[in-house]
Amino acid sequence: KHFINHHKLRQAPRIQELMDYARGENHDVLKSGRRKDKEMADKRAVHNYGRMISKFKTGYLAGNPIRVEYDDNNDHSQNDEAIKRIGRVNDIDTHNRTLIRDLSQTGRAYELIYRSEYDETRIKRLNPLDTFVIYDNSLEDNSIAAVRYYKRGTLESAKEVVEVYTAEYIYTLDVSDSFNEISVTTHAFGTVPITEFLNNVDGIGDYETELYLIDLYDSAESDTANHMSDMADAILAIYGDLALPQGMKASDMKRTRLMQLKPPKSADGKAGTVKAEYLTKSYDVTGVEAYKTRLNKDIHVFTNTPDMSDTNFSGNTSGEALKYKLFGLDQDRIDTQSQFTKGLKRRYRLAARIGSLVNEFKDFDESLLNIIFTPNLPRSLAEQVEVLAGLGGQVSQETALSLSGLVESPVEELDRMNRE
């Protein structure tokens with residue numbers, strides 16, 4: 001109960017805010033009372049940097065499918081076939097991209113592995129808003145339990161339910177009834193069947209530390225829009241007296257674009273001056289635009305996201321030059337890739353435990369898993385063919401095919417070549 005309350009008070013609001021910023025619901029610019037004068041314009045310019053950053057990171061890391069192979073030097077490996085079967089049943093490429101999107105946005109991602117009613121190993125993504133894992137205090141950080149809480153039932157009669165996953169059991173509890181048990185079931189995975197993935201060792205999202213910069217950019221653009229609107233509705237100051245033609249009302253001046261002014265006269269009969277002008281605040285266009293440009297640049301720099309609108313980034317740039325421009329993003333990718341690999345190994349370790357009971361896996365060795373990430377960089381076919389030709393005779397054909405990126409599975413391609 002204390003763990004759930006802590007998650008609701010500390011973690012869930014943080015995760016919700018990060019998700020909101022990835023959906024164009026930026027908190028600071030949308031809050032009420034932003035402008036104190038009700039008669040002034042109140043434009044709200046929302047910039048969805050969160051979605052842009054998470055989409056770029058997800059596409060870069062998982063745009064090309066993550067390959068998982070069981071390298072036991074067996075052309076017809078039973079374990080390799082079982083891994084491929086799990087991938088087909090669960091549309092694993094889409095599932096992996098969804099997890100990496102969660103990692104990019106919230107810093108955390110969760111998946112549940114279970115055995116379906118059709119006797120298949122299924123994998124399901126869980127919402128980070130209502131899922132967390134409890135670890136022990138040992139140096140191994142073993143998971144003691146995983147918790148998922150949610151509303152069950154129709155809107156009118158929905159009740160909050162908690163599922164607690166341990167190494168042997170799944171407890172379903174009714175929160176509204178003092179955490180009384182609804183059901184208890186067993187599972188055969190031998191450990192907690194929910195896996196937590198982290199974006200980095202700190203478990204923070206890709207734009208989490210730059211929310212203030214995003215708020216500043218929203219504010220600057222909103223103030224610019226408000227200034228332009230306020231200029232259109234500026235106050236007209238008239239120095240002198242109105243001398244309207246007969247039959248014309250003051251409200252007709254705007255429609256007819258006509259204004260007739262009569263000079264005021266002083267006590268001694270001298271005529272004064274007449275003038276009409278709009279009262280507007282001065283606007284430093286150059287300074288404001290430079291300020292917004294700097295904010296936009298800072299957001300990209302501190303999130304290691306390349307600015308594709310920057311003329312210095314795009315254009316006729318070689319593949320090697322692009323790698324240097326993506327150096328910062330690559331460091332983030334390596335951190336996420338390392339953490340994601342740990343989760344993938346745990347996924348297939350759990351799948352092998354349950355699969356060995358039904359003869360789908362046999363003598364599974366986690367160290368033989370070969371997990372390959374291929375960054376989704378723009379590469380021309382000519383460059384790929386050049387790499388493949390340049391490696392001929394110096395490395396094995398399997399390695400050459402793998403480095404070229406031309407085929408998804410080098411082993412299967414070699415089999416096809418041998419059959420031909």
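In this chain, numbering begins with 1 at the start of the sequence shown. Just so we're clear, the structure is a prediction, and the values are computed from it rather than from any experiment. Worth knowing before you read on, the calculation uses all heavy atoms, side chains too, and leaves out hydrogens, waters and symmetry mates.
Put simply, the side chain of Tyr21 does not reach to within 4.5 Å of the side chain of Glu208, judged on heavy atoms. You'll find the side chain of Thr121 reaches within 4.5 Å of the side chain of Glu360, heavy atoms only. Here the side chains of Thr336 and Lys57 are in contact, with some heavy-atom distance below 4.5 Å. Proximity of Asn304 to Gln331: side-chain heavy atoms (C-beta onward) are nowhere separated by under 4.5 Å. When side chains are defined from C-beta on, Phe361 counts as touching Ile83, because their heavy atoms get closer than 4.5 Å. Between Thr224 and Lys43 there is no side-chain heavy-atom pair separated by less than 4.5 Å. Side-chain atoms of Phe197 and Arg347, non-hydrogen and from C-beta on, do get closer than 4.5 Å to each other. You'll find the side chain of Asn199 stays beyond 4.5 Å of the side chain of Gln339, heavy atoms only.
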Would you sort out whether Asn96 and Leu344 count as a side chain to side chain contact (heavy atoms under 4.5 Å, CB included), showing the intermediate values?
CA-CA 9 Å; Asn96 287 337; Leu344 290 179; 4.1 Å; yes

Could you give me the CA-CA distance, side-chain angles and deciding distance for Asp335 and Val201, then say whether side chain to side chain contact (heavy atoms under 4.5 Å, CB included) is met?
CA-CA 8 Å; Asp335 287 343; Val201 293; over 6 Å; no

With side chain to side chain contact (heavy atoms under 4.5 Å, CB included) as the test, would you mind laying out the steps for Thr191 and Arg346 before giving the verdict?
CA-CA 10 Å; Thr191 188; Arg346 189 177 191 274; 3.6 Å; yes

Check the pair Asp119 / Arg115 against salt bridge (charged side-chain N to carboxylate O under 4.0 Å, His left out), numbers first and verdict last.
CA-CA 6 Å; Asp119 204 24; Arg115 199 72 179 177; 3.0 Å; yes

Please step through salt bridge (charged side-chain N to carboxylate O under 4.0 Å, His left out) for the pair Glu413 and Arg416, ending with a clear verdict.
CA-CA 5 Å; Glu413 181 64 23; Arg416 283 193 288 267; 2.8 Å; yes

Dump the intermediate steps for side chain to side chain contact (heavy atoms under 4.5 Å, CB included) on Phe373 and Thr341, then the final yes or no.
CA-CA 9 Å; Phe373 293 80; Thr341 298; 3.4 Å; yes

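The 12-atom threshold is exceeded at NZ of Lys292, counting heavy atoms of other residues, nucleotides or ligands nearer than 6.0 Å. For Asn137, the CG atom sits in a loose shell: 12 or fewer heavy atoms of surrounding residues, nucleotides or ligands are nearer than 6.0 Å. By the neighbour-count criterion of 12 heavy atoms within 6.0 Å, atom OH of Tyr150 is densely surrounded, having more than that number from other residues, nucleotides or ligands. For NZ of Lys84, the number of neighbouring non-hydrogen atoms (other residues, nucleotides, ligands) closer than 6.0 Å is greater than 12. In the displayed structure, Arg97 atom CZ is contacted under 6.0 Å by more than 12 heavy atoms of other residues, nucleotides or ligands. The 12-atom threshold is not exceeded at CG of Asp363, counting heavy atoms of other residues, nucleotides or ligands nearer than 6.0 Å. For Phe179, the CZ atom counts as densely surrounded, since its 6.0 Å shell holds more than 12 non-hydrogen atoms of other residues, nucleotides or ligands.
Judged by the 6.0 Å and 45° rule, Arg108 forms no cation-pi pair with Tyr110.
A side-chain donor from one of Asp20 and Gln16 sits under 3.5 Å from a side-chain acceptor of the other. Side-chain contact, Asp71 with Asn370: no donor N or O sits under 3.5 Å from an acceptor N or O. At a cut-off of 3.5 Å, with distance as the only test, no side-chain donor of Asp72 or Asn79 sits close to an acceptor on the other residue.
Judged purely by atom type and a 3.5 angstrom limit, Thr305 has no side-chain atom pairing as donor or acceptor with the backbone of His300. Between the side chain of Ser338 and the backbone N or O of Ile334 there is no donor-acceptor pair closer than 3.5 Å. The backbone N or O of Arg51 sits less than 3.5 Å from a side-chain atom of Ser54, completing a donor-acceptor pair. In this structure a side-chain-to-backbone donor-acceptor pair under 3.5 Å is missing from Asp174 to Asn180. Between the side chain of Asp218 and the backbone N or O of His47, at least one donor-acceptor pair lies under 3.5 Å. Without hydrogens or angle criteria, Tyr207 side chain to Leu18 main chain gives a donor-acceptor distance under 3.5 Å. Listed for the Asp202 side chain is no donor-acceptor partner under 3.5 Å among the backbone atoms of Ile204. Distance alone, capped at 3.5 Å, is enough to place a donor-acceptor pair between the Thr293 side chain and the Glu289 backbone. Here the side chain of Arg44 pairs a donor or acceptor atom with the backbone of Val29 at under 3.5 angstrom.
Within the model, atoms CG of Asp215 and CG of Asp28 stand 4.0 Å from one another, a figure rounded to the nearest 0.5 Å. Taken to the nearest 0.5 Å, the CZ atom of Arg122 stands 11.5 Å off from the CG atom of Leu112. To the nearest 0.5 angstrom, Leu211 atom CG is 11.0 Å from Leu216 atom CG. With rounding to the nearest 0.5 angstrom, the NE2 atom of His187 is 15.0 Å from the OH atom of Tyr114. Rounding to the nearest 0.5 angstrom, the gap separating the CD atom in Glu25 from the CG atom in Leu30 is 8.0 Å. Atom CZ of residue Arg333 and atom CG of residue Asn376 lie 11.5 Å apart, to the nearest 0.5 angstrom.
A salt bridge is absent between Arg419 and Asp415; no separation between the charged side-chain nitrogens and carboxylate oxygens falls under 4.0 Å. With respect to Glu412 and Arg67, no salt bridge is recorded, no charged nitrogen being found less than 4.0 Å from a carboxylate O. A salt bridge links Arg349 with Glu366: the distance from a Lys NZ or Arg NE/NH1/NH2 to an Asp or Glu carboxylate oxygen falls below 4.0 Å. The residues Arg14 and Glu17 are annotated as not salt-bridged, no charged nitrogen and carboxylate oxygen being separated by less than 4.0 angstrom. With respect to the salt-bridge test (charged N to carboxylate O, under 4.0 angstrom), the residues Arg125 and Asp102 qualify.
The two residues Met19 and Arg23 come nearest to each other via the heavy atoms O-NH1, 2.9 Å. Considering every non-hydrogen atom in both Asp206 and Ser104, the closest pair reads OD2-OG, 2.5 Å. Closest approach of Ala145 and Thr166 over heavy atoms only: CB-CG2, 4.3 Å. Nearest approach of Ser367 to Asp365, heavy atoms of both residues: OG-OD1, 2.8 Å. Of all heavy-atom pairs between Phe56 and Pro306, the closest is CZ-CG, 3.3 Å. Annotation for Ala188 and Ile354: closest pair CB-CD1, 3.5 Å, computed over non-hydrogen atoms.
When Ile86, Leu350, Thr195, Ile194 are each tested for a side chain to side chain contact (heavy atoms under 4.5 Å, CB included) with Ile113, only one passes: Leu350.
The distance between the ring centers of His6 and Phe132 does not fall below 6.0 angstrom. Between Tyr70 and Phe364, the ring center distance clears the sub-6.0 Å criterion. Aromatic pair Tyr217/Tyr49: centroids less than 6.0 angstrom apart.
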